Amino acid sequence: MIKVRSIKRTSVLLSLFTLIMFGFGYALVPLYDVFCEVTGLNGKTGRIYNEEAKQLITDNQRLVTIHFDSNINGNLAWKLKADQKFLKVNPGKFYSVTYTVENMINEEIVGQAIPSVSPQIASLYLKKSECFCFRNQVLKPGEQKKLTVRFELDRDLPKGVESLTLSYTFFKAVKDNKKIS
Amino acid sequence: MYLVFSLIMFFIGGSMAMIIRAELFQPGLQFVDPQFYNSMVTVHALVMIFGAVMPAGVGLANWMIPIMIGAPDMALPRMNNMSFWIMPFAFALLLSTLFMDGGGPAGGWTMYPPLVLQTGKAFPFLIFAVHFLGISSIMGAINIIATVFNMRAPGMTLMRMPLFVWTWVITAFLLIASLPVLAGAVTMLLTDKYFGTSFFSAAGGGDPVLFQHIFWFFGHPEVYILALPAFGIISQIIPTFARKPLFGYASMVYATASIAILSFFVWAHHMFTVGLPINGELFFMYATMLIAVPTGVKVFNWIATMWKGAMTFEAPMLFALAFVVLFTIGGFSGLMLGITPVDFQYHDTYFVVAHFHYVLLTGAIFALMASAYYWLPKWTGNMYDEKLGKIHFWASAISANVLFFPQHFLGLAGMPRRIPDYSVQFADFNMISSLGGFAYGISQLLFVYIVVKCVLGGKKATGQVWDGARGLEWTLSSPPPYHSFSKPPKVTKALMEY
Ligand code: HEM
Ligand SMILES: [Cu+2]
C-alpha cells in the first residue's frame, strides 16, 4: 500500500524546490541592485558620457542649490572636507567642485568613497562625468590631496526639488571591488 | 523526543528571559554587563524560536499526523531521525558561544550587518547553528508533505483532513520556501566577514539594507511558521469542547493558504524606517492590512464554532480560549504597527516587544500548552491532573498579561528595546512586568510536574478521551499501539463529523 515511488518523487521535487529557493536568495542581490539602479532608491548617483554631454542645453531660468557633505567611516584615519559648502547651479550645465582629503597617520591607506544623494528622487538626475569615487584613492603617510567631481544636474529634475545634498563617505577599501557608480 | 527537547529549550530560553527581566527590574545596571545582556536577548530569541516553538510543532506533526490520516508512520522515518539529531548538535554550537572569548552573539536575533559582523569568535558558530537548524526544519517539512500527499488512508480526502494536518502542510511549504533564503543571507554574512565579498558592505559597493530585505523576506513567513500550527491546534480543540463541528471548514483552509501566500509580500513592514520610497511604504502597509482579513475570518470561525455549543472548560479548552482572545490582542497591536506613520513612533520600542510576545507566547506557546493537555491522555494512556492543569492555566494566563501588557505602555511612552537600562519614568511598569515574568517562569515548573505525574500514572484514559473529539486518532487505544494502522482504516464522512 505504501507508495514508495511516489514518496521518493515528492521528496526529490521538494528538495529541488529548496535548492531553487536558496538560489533565489542569491538572486535577490542582483535584483535589488537593478531595482535600485533603475529607481535611484539608494541614493547612488547617475553617470553621463561624452556623446550625451555634447547635447546638453542649459536651463538658465532655474537655480538649484547643492549642498556638499563629507563623512569618514569608522576606523579610517582620514580627514575629508568639501572645499565649498554649497553651490547654486543651472540644470544642464557642467560644474566642478573639489574636496580635500588628508591621511592623518603614518601609513599608506587605500580608501573608497561612496556617494549618496538626498532627497533620493534627485539622485539619478545628478550625473557625473568625472569623480574620485569612480576608483580607489591611495594616500601616502600624511599626504594631502585635492579630489575633483565634475557633474551636471539634469534638466528633467522634478520641479519640486529646489535643493539637494551630495554626500561622500570614505571607507577603507576592501579587496574585492565591485564597480561603483 | 522533539517535545522533550523543546521543553528543555523552553526552560533554557526561559532562564535567559529571567536574567533579562531581573536586569530590567530596576533602572540602572545591577546584575549583568550590557554586552552579556545583549547576548541574552539575542540567544533567548533564537532558542525560543528555533529551539522551543519550531521543534514542538514538528514534534506534534510527527506524532499526530500519521495517526490523524491513518498512516502507519511518517513517509521517511530515517530522515526524521536525522532532522532530530541535528538539533541538539546545532544548539550545542549556539550555546557554547556564550562561553567563548568575546561572548555570544549580541547583535539581535535579526543579525543585521554591520553590527553582527563585529561578533567575536562566536560568529561562525552562530552562522553554522542557523544553517543546521534550517536544514533540520527543511527535512522535517519535506517529510510532512511526503507523508500527507502519499500516505493518507482510503477515504481521507484532502478536504476531510483535520485542520491540524492542513495547517502543517501549508507551514511545511512556508518552511521550504523561506528557510533557504535565510540560509543564503547568513552565508553572505559569512563570506562578507571572511572571504572579502561585499554583499552588505558599502565600501565594496554592497548595501546593508539589502540584508534586511532578504532577512525579512524569510522573517515574516517565519512568524507564520510559528503561528499556523497553533491555528491548527486551536481548530482541533475548540470543536471538541464545544461539541460542534468546526464552523466554516473550507474557509479555514483557504484562509490559512492565503495568509501563507500573503506573508511573502509584507516583509518591509519590519523596515518602514529605513527610507523606503513613499509608494513602497504604501504598498507594504496595504498588504499588511490585507493579512488581517483571513486572520479575522479564522477568529470569526472559532467564535462561531462555540456559538450555542455545549461547552465545557477543561485545561486544553481554557488555553485555547485564552489563545483566541490574547492572539487577537497581538493581532491588533500588529495592525497598529502596520500603519506606516504610526510605526515610525513605535518601531524598536517595547510596543513591538509586547506585540510579538502576545502572538508568540500567549499565542503559539499557549496553543502548544493546549495541545499538550489535549493529547497527553492519548500519548500516555493516563489522564493528567485536571485540577493542577487549571491552576497552571490561570497562573500562566494572569502572569503573562502582567508580564506583557505593561510593555505596551512602556513602548508608547518611548522605551527602546534591546537596552539593559532605562530612564526612571519607566521604572514602575518595568517592575510590574518583571514580577509578572518571574511568576510566569515559576508557573511553568508546575507544567513539568503535571506532565511527569501524568506519564508516571493516573486515572486510565479511554481511547475516546474527550467525548466531543472526532477523528482517526481517537479510534485508537490510549496509548496507541506501536504500529497503528498497518492496515489502512476506511475513512467515511460520518467518522469525521458530528
Ligand atoms: C495581523 C497580523 C500581524 C500584523 C499586522 C503584524 C505587524 C507587525 C509589524 C508592522 C511589525 C514590525 C514592528 C516594528 O519593528 O516596528 C511586527 C513585528 C513582529 N511581529 Fe507581527 N504582525 C502580525 C502578526 C504576527 C504574528 C502572527 C506573529 C508570530 C506568530 C508576529 C510576530 C512578530 C515578531 C516576532 C515581530 C518582531 C520582529 C523583530 O523585530 O524582532 N506578528 N509585526
Ligand atoms: Cu512581519
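Predicted model, so just to flag it, every value in this text is computed and none were measured. Letters A, B, ... mirror the listed sequences (proteins, then strands); counts begin at 1.
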Under 4.5 Å heavy-atom distance to chain A, tell me which part of [X] shows up: side chain, backbone, both or neither.
X	answer
B:Phe217	side chain
B:Met139	neither
B:Ile176	both
B:Val274	neither

**Q.** For chain B, which residues of residues 18-28 of chain A have heavy atoms nearer than 4.5 angstrom
**A.**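 Interface residues of residues 18-28 of chain A: A:Thr18, A:Met21, A:Phe22, A:Phe24, A:Gly25, A:Tyr26, A:Leu28.
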Q) Between B:Leu76 and A:Ser11, what is the shortest heavy-atom contact and its length? A)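 Here B:Leu76 and A:Ser11 meet closest at CD1-OG, 3.7 Å.
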Q: Would you mind telling me which of B:Ala177, B:Pro180, B:Ser178 has the largest number of heavy-atom pairs within less than 4.5 Å of chain A?
A: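 With the most close heavy-atom pairs to chain A, the winner is B:Pro180.
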(Q) Quick check: do A:Tyr32 and B:Ile214 have side-chain heavy atoms less than 4.5 Å from each other? (A)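 Side chain of A:Tyr32 against side chain of B:Ile214, heavy atoms only: no contact under 4.5 Å found.
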Q.
How long is the straight-line distance from CD1 of A:Ile7 back to OG1 of B:Thr147, given to the nearest 0.5 Å?
A.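 If I round to the nearest 0.5 Å, the distance is 7.0 Å.
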(Q) Within the supplied structure, the quantity of interest is the number of heavy atoms (other residues, nucleotides, ligands) at a distance under 6.0 Å from A:Asn60 CG; does it exceed 12? (A)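 Yes, CG of A:Asn60 has more than 12 neighbouring heavy atoms, counting only those of other groups under 6.0 Å.
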Q) Considering only heavy atoms, which portion of A:Thr169 lies under 4.5 Å from any heavy atom of chain B: side chain, backbone, both, or neither? A)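 When you check distances to chain B, no heavy atom of A:Thr169 falls under 4.5 Å.
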Q. Top residue by heavy-atom pair count (under 4.5 Å) with chain B, among A:Leu14, A:Asn73, A:Thr10?
A.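 With the most close heavy-atom pairs to chain B, the winner is A:Leu14.
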